[in-house]
Amino acid sequence: MTDSELDEILTFRWPIVMRRVMADGSDEWLKGFVRSIARHGKRPSWRPTVKQAQIMRRLVSELGTAPEPMMEVIER
């Protein structure tokens, strides 16, 4: 994973992935993983392992690029 790709994922895509994983709330391992990546991503010298990068790319492709689901307004 290049530095620019990592910066783009952590800055623009990862917050979306985190919101969707936390909202689902069913997979504790996945919740821990996205929190861990967000925590590690704050360190300038951190780089993901090959396995972490693969999981990050998969999550971004599945969760980080799809449009937000429409929310129903309770009061109109």
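This is a predicted model, so every value here is computed, not measured. Below, each value reflects all heavy atoms present in this structure, side chains not excepted, and no hydrogens, waters or symmetry copies.
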Between Lys31 and Asp27, is any pair of side-chain heavy atoms under 4.5 Å apart? no
Is the closest side-chain heavy-atom distance between Gln52 and Met1 below 4.5 Å? no
Side chain Arg13, main chain Val60, donor-acceptor under 3.5 Å: no
Does the side chain of Leu10 come within less than 4.5 Å of Ile37's, by heavy atoms? yes
Quick one, Met22 with Val34, criterion side chain to side chain contact (heavy atoms under 4.5 Å, CB included). Give me CA distance, side-chain angles, the key distance, then yes/no. CA-CA 9 Å; Met22 294 303 170; Val34 297; 3.8 Å; yes
Return the orientation label for the Trp46 and His40 ring planes: parallel under 30°, perpendicular over 60°, tilted otherwise. parallel
Any heavy-atom pair between the side chains of Val17 and Ile9 that's under 4.5 Å? no
Does the pair Arg47/Asp3 count as a salt bridge with the N-to-O cut at 4.0 Å? yes
Are the side chain of Thr11 and the backbone N or O of Asp7 linked by a donor-acceptor pair below 3.5 Å? yes
Interatomic distance, CD1@Ile55 vs CZ@Phe33, rounded to 0.5 Å, equals 4.5 Å
All heavy atoms of Met56 vs all of Leu6, minimum pair found to be CE-CD1, 4.1 Å
Nearest heavy-atom contact between Arg20 and Leu63 is NH1-O, 2.6 Å
Any idea which heavy atoms bring Ala53 and Pro48 closest together, and the distance? N-CB, 4.0 Å
